[in-house]
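Within every chain, numbering begins at 1; the chains are lettered A, B, ... in the order of the sequence lines, protein sequences first and strands thereafter.
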Amino acid sequence: MLVKQISIFIPNVKGSLAKLTSILVKNNIDIRAISVFDTTEFGILRLVVDNPEETVSILTKEGIVAKISDVLAVEPEDKPGSLDEIFQILSDNDINIDYIYSYVMRMRELPYIVLKTDHMEKAAKILIERGIKVIQ
Amino acid sequence: MIWSNMETLDREAFRKIQLERLKKTVPRVYNNVPFYKKAFQEAGVEPGDIKTLEDVSKLPMTVKQDFRDNYPFGLFSSPQEEIVRFHASSGTTGKPTVVGYTRNDMDTWSECVARMVSMAGVTNKDTAQISFGYGLFTGALGLQQGLERIGASVIPMSSGNTKKQIMIMKDFRTTTLISTPSYALHMAEIAREMGVDPKTDLNLKFGLFGGEGSTEAMRNELIDSWGLFATENYGMSELIGPGVSGECEALCGMHINEDHFLPEIIDPKTGKVLGEGEVGELVITTITKEALPIIRYRTKDITSLHYEKCECGRTTVRMSKIQGRSDDMLILGGVNVFPSQIEEVLLNTEGIGPHYQIKVFKKGYLDKIEVDVELIDANLLDSFSLLEALRNTIKGRLRTVLGIDAKVTLLEPRSLARFEGKAQRVIDMRGAK
């Protein structure tokens, strides 16, 4: 019930994202979701792709530090309060969210929300129990 | 294996031989080299004043600048017809330092290197790949002569073309690698990239590293990368080239070939001779060279001397690992720092690679230092705070050495310069306008 995400080390210099995406293009890797926040001299880019293992091995060969980790992807309903519901559940169960980002699959109406928490398995289990749609 | 019985003499025998040879060398330079005659006169000393070994301290010292001032052959004691080989050192600014050898000097040199490689464990059963740059540098040819003398099989590979180095290493079943420590680290990296595990896919047993200083942490890194027995050796073209001293299997300092090189330790500021075990600048007088005998050469290398017998059986004096150079010492906000101290911190920090770059500059009147390192541990990508923590750890450890805060930048692997010869990891921009 967890989704595999790739974390990539990127120095905050001009062209480092372009360098990364050019490697992905060259290897026909499809980006499903991408997220990077404000950085100082360096940051971590999060990526969801179709073939994470292969992608990491390609990136490593190119001298890029990359790692696969598990994240949770949920599909909240399109109504006010649906995100609130998820966060309340996690909070009530003492689960801390490290970061979130969202991504949209074409051909679908609703975005997925990607969540990284301190207790991944527990969070997934609880959300499923409470009727939240978790992407398998 | 102990190559020569000259390595196991008792102290009195050494002193006797050294005094005899010093007494021959001093008049040789006095009579043949105008520079030395003048320097002796200025110091108020004559060859006849050398009566005991301790009298060497009365003699004037020689510095690198003297080679430049007397470029190219002004310090030579032999006429051209007796010279069989020239070498020259890099000389980053201005003229190179030119050195020459007579046939006897070549024999002395090969003998010294033969002892040194034997000390490191190499025998005639070994195949040695020399990955020092050939040409005017003394390193490659010096090692070649000594290795050939003991009957090892030499591959005169030179530096560069790293993928080919790895291929030859594999196909020729190289057991002994001769290179600078930084180039050896780079080669290991390239080998792994080629899908060759330096530890399991190659046959290396010995690594003889020289040409630049290194730290214990760097040695461990070399052992980890290559799975070999790593020794360090020491020399400089002004004295002979490689072969002045080297580590034995006991790894407790570098044995100096004392029957050819008379060492002293001085206080680099006052020039005062220091005692056994005291740390200062190494000063060496060559006592057997013909073409270019050098009196009290200031090596600028900071070390100490130890005379007790080594567990390997040799009695030659040992010099401790070079702690730095009196001239590459950085003064940061009044604190003396050797780049080797910074290296020690970086190499002992998990998560980053062995390559680094240090930049020193002025901001207003203050010294600022920047240290660039390469991140290698992907496990730190789970959260930004782990990366921050790594950076703060490096910063904190550097602070204890430097006394000031360094700006630490994490870079991608392989983004810093790699060196095939001597590494140039420190850029001091304080003098620049």
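Residues A/Phe9 and B/Leu387 are in side-chain contact: their nearest non-hydrogen atoms beyond the backbone lie under 4.5 Å apart.
Of residues 44-55 of chain A, those residues lying under 4.5 Å from chain B by any heavy-atom pair are A/Ile44, A/Arg46. Taking non-hydrogen atoms and a 4.5 Å limit, the residue list of residues 347-357 of chain B in contact with chain A is empty.
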Identify each donor-acceptor pair in which a side-chain atom of residues 187-198 of chain B lies under 3.5 Å from a protein atom, sequence neighbours left out, and give them as a table.
from	atom 1	to	atom 2	distance (Å)
B/Glu189	OE1	B/Arg418	NE	2.8
B/Glu189	OE1	B/Arg418	NH2	3.3
B/Glu189	OE2	B/Arg418	NH2	2.9
B/Glu193	OE2	B/Arg414	NE	3.2
B/Glu193	OE2	B/Arg414	NH1	3.0
B/Asp197	OD1	B/Lys199	N	2.8
B/Asp197	OD2	B/Thr200	OG1	3.3

Donor-acceptor contacts, no H, no angles, side chain residues 402-413 of chain B, under 3.5 Å, sequence neighbours left out:
from	atom 1	to	atom 2	distance (Å)
B/Asp405	OD1	B/Arg399	NH1	3.4
B/Asp405	OD2	B/Arg399	NH1	3.4
B/Glu412	OE1	A/Lys19	NZ	3.2

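Heavy-atom pairs under 4.5 Å with chain B peak, among A/Ala66, A/Gly63, A/Pro11, at A/Gly63.
Here the straight-line distance linking atom CG of B/Leu380 with atom OG of A/Ser7 works out to 11.0 Å at 0.5 Å rounding. Distance check: B/Ser415 OG to A/Ile64 CD1 gives 11.0 Å after rounding to the nearest 0.5 Å.
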Practice prompt. Output, in order, the C-alpha distance, side-chain angles, deciding distance and verdict of side-chain contact (heavy atoms from CB on, under 4.5 Å) for B/Asp382 and A/Ser69.
Written response: CA-CA 7 Å; B/Asp382 279 340; A/Ser69 50; 3.9 Å; yes
Discussion item. Run A/Ile8 and B/Leu381 through side-chain contact (heavy atoms from CB on, under 4.5 Å) and show every step you take.
Written reply: CA-CA 7 Å; A/Ile8 298 164; B/Leu381 295 177; 5.6 Å; no
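The part of A/Thr60 that comes within reach of chain B is its backbone (N, CA, C, O), which places non-hydrogen atoms under 4.5 angstrom from that chain. Heavy atoms closer than 4.5 Å to chain A are found in the backbone of B/Asp377, but not in its side chain.
Residues A/Val65 and B/Ile376 share a closest heavy-atom pair of CG1-O, 4.2 Å.
No more than 12 heavy atoms of other residues, nucleotides or ligands sit less than 6.0 Å from atom NZ of B/Lys163. Under a cut-off of 6.0 angstrom, the local environment of CG in A/Asp84 is crowded, with over 12 non-hydrogen atoms contributed by other residues, nucleotides or ligands.
Taking the centre of each ring, B/Phe384 and A/Tyr99 stay at or above the 6.0 Å mark.
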